[in-house]
Number of protein chains: 2
Amino acid sequence: MTEKKEKILKAALTLFTNDGYNATSTSKVSKEAGVSEGLIFRHFRNKEGLLNAILEEGEKQAKVLFADIVMESEPKEVIRKTLEIGQVMKKNPKEAHFWKLQYKIKWETERYGGKKMEPLHMALRNAFEKLGYAQPAKEAELILINLDGMALHFFLDPDFDLEGQVSFLRSKYEV
Amino acid sequence: MTEKKEKILKAALTLFTNDGYNATSTSKVSKEAGVSEGLIFRHFRNKEGLLNAILEEGEKQAKVLFADIVMESEPKEVIRKTLEIGQVMKKNPKEAHFWKLQYKIKWETERYGGKKMEPLHMALRNAFEKLGYAQPAKEAELILINLDGMALHFFLDPDFDLEGQVSFLRSKYEV
DNA sequence: TGTTTTTATGTGAGTACTTACTTATTGTAC
DNA sequence: GTACAATAAGTAAGTACTCACATAAAAACA
């Protein structure tokens, strides 16, 4: 990975996340990266290839983030850690960039996100099962739906009180 | 409102909702509407004006949709009707178009959606208060966050089981 | 009423500029 | 000196938007 290639990736992540994929031209990316436009196509073949490279990098980061939750054996801890994913974003802005980009791309291009949440879903299902909940699968799905809803507000509504909502949920689940 | 003006609005609603705002050119809209491109600018001044016209029309529809919930006096009915908003979308595809566009625009352009959910939030807050919940405001916010999460899956995940999730939530709130 | 004048609606070709992408050429490290 | 990194200068197609002009509808006046 050359230095300029990394600069392209960084610039594209910023611009795609802030302005959106379609609203960001390869020319803008090259200027932001301080690089000739042609270099983008040499390294990534086309604009979509650049997007895919960023998305793949984000997926790797997500796996690391999820690993800690999936490997947790204490069911209440699984739920608590899941609910607190948002706090991680506040501390780690690059992780937040990747997440935000996921949602932006999902809505802008409607390319289906794949099954990358599946391991988390499984871990939650098992946790709720161990805790004796009547419908563990639905409970797990509800938490993930909640996470998506909170992400919308966290990323797009500057007045959203993330911590307040998370602690409210923690008290609901007693975790 | 002339016939051609309405055709432009209809075509733009479809294209903006399916392909996104930035990915839809005024030329595409004019072709879909069977109208000269210049007419778009005669009626709406620019592309953003066209978007605003559609958004305003959607806001009117949303007010009608919310009115029925806000005026409901039975607290459990307020919650049930709110949870069942998604079912309305399934029956009324044009309403669904407007909703989907709201989310697409929100993520694509990050223009703040305004306070159009405020009356619904209020109604829910009062409902939870009457039912003796400890934190009615947080409960109301949670329901709206849930709605946003379900919307993501409803519009973008073809396998999402909306009815299953809604009836699960209804059983949770006993409504 | 019929005629003229104004206004609203509509077109199609053109504007300057941007888009994603290509190609030919040069720099550079081993 | 070869393989790769990088650039500058292109390309054709597309972009939002404008303009001069045509037609239809409405208003004003005789």
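No hydrogens, no waters, no symmetry mates; every other heavy atom, side chains included, goes into these values. Every chain is numbered from 1 and lettered A, B, ... according to where its sequence line falls, protein lines coming before strand lines.
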Taking only side-chain N and O atoms of T2(B), does any of them lie within less than 4.0 angstrom of OP1 or OP2 on dG10(C)? yes
5'-most to 3'-most nt of DNA chain D touching chain B (<4.0 Å, heavy-atom partner on protein side) reads dT15(D) to dT18(D)
Atom CD of E37(B) and atom P of dG12(C) are separated, to the nearest Å, by 12 Å
Between L9(A) and A53(A) the two heavy atoms that sit nearest each other are CD2-CB, 4.0 Å
L39(A) CG to dA20(C) C1', in whole Å, measures 15 Å
task: For K116(A) and Q102(A), test the side chains for any donor-to-acceptor distance below 3.5 angstrom and give the result as yes or no.
output: yes
Could you tell me whether T24(A) contacts a base, only the sugar-phosphate backbone, or nothing, with contacts defined as non-hydrogen atoms closer than 4.0 Å?
sugar-phosphate
Here the distance between atom P of dT11(C) and atom CD1 of I40(B), to the nearest Å, is 11 Å
Between CD of E48(A) and C1' of dT19(C) the distance, given in whole Å, is 16 Å
Is the count of non-hydrogen atoms from other residues, nucleotides or ligands lying under 6.0 Å from E118(A) atom CD greater than 12? yes
Separation of dT11(C) atom C1' from F41(B) atom CZ, nearest Å, is 14 Å
Taking the cut-offs as 6.0 angstrom to the six-membered ring centre and 45 degrees off its axis, would you call K47(A) and F16(A) a cation-pi pair? no
Between S27(A) and E37(A), do the side chains contain an N or O donor and an N or O acceptor separated by less than 3.5 Å? no
Once the angle between the rings of F128(A) and Y173(A) is folded into 0 to 90°, is it parallel (under 30°), tilted (30 to 60°) or perpendicular (over 60°)? tilted
| With side chains defined as the heavy atoms from C-beta onward, is the minimum distance between K100(B) and F154(B) less than 4.5 Å? | no
Sorted by position of nearest nucleotide on DNA chain D, 5' first, the leading residue of R42(B) and N46(B) is N46(B)
Contacts of S36(B) and G38(A) projected onto DNA chain C by closest heavy atom; the upstream (5') one is S36(B)
Exercise. Counting only side-chain N and O atoms of K4(B), is one of them less than 4.0 Å from OP1 or OP2 of dG10(C)?
Worked result: no
Classify T26(A) by what it touches in the nucleic acid, base, sugar-phosphate, or nothing, heavy-atom distance under 4.0 Å. base
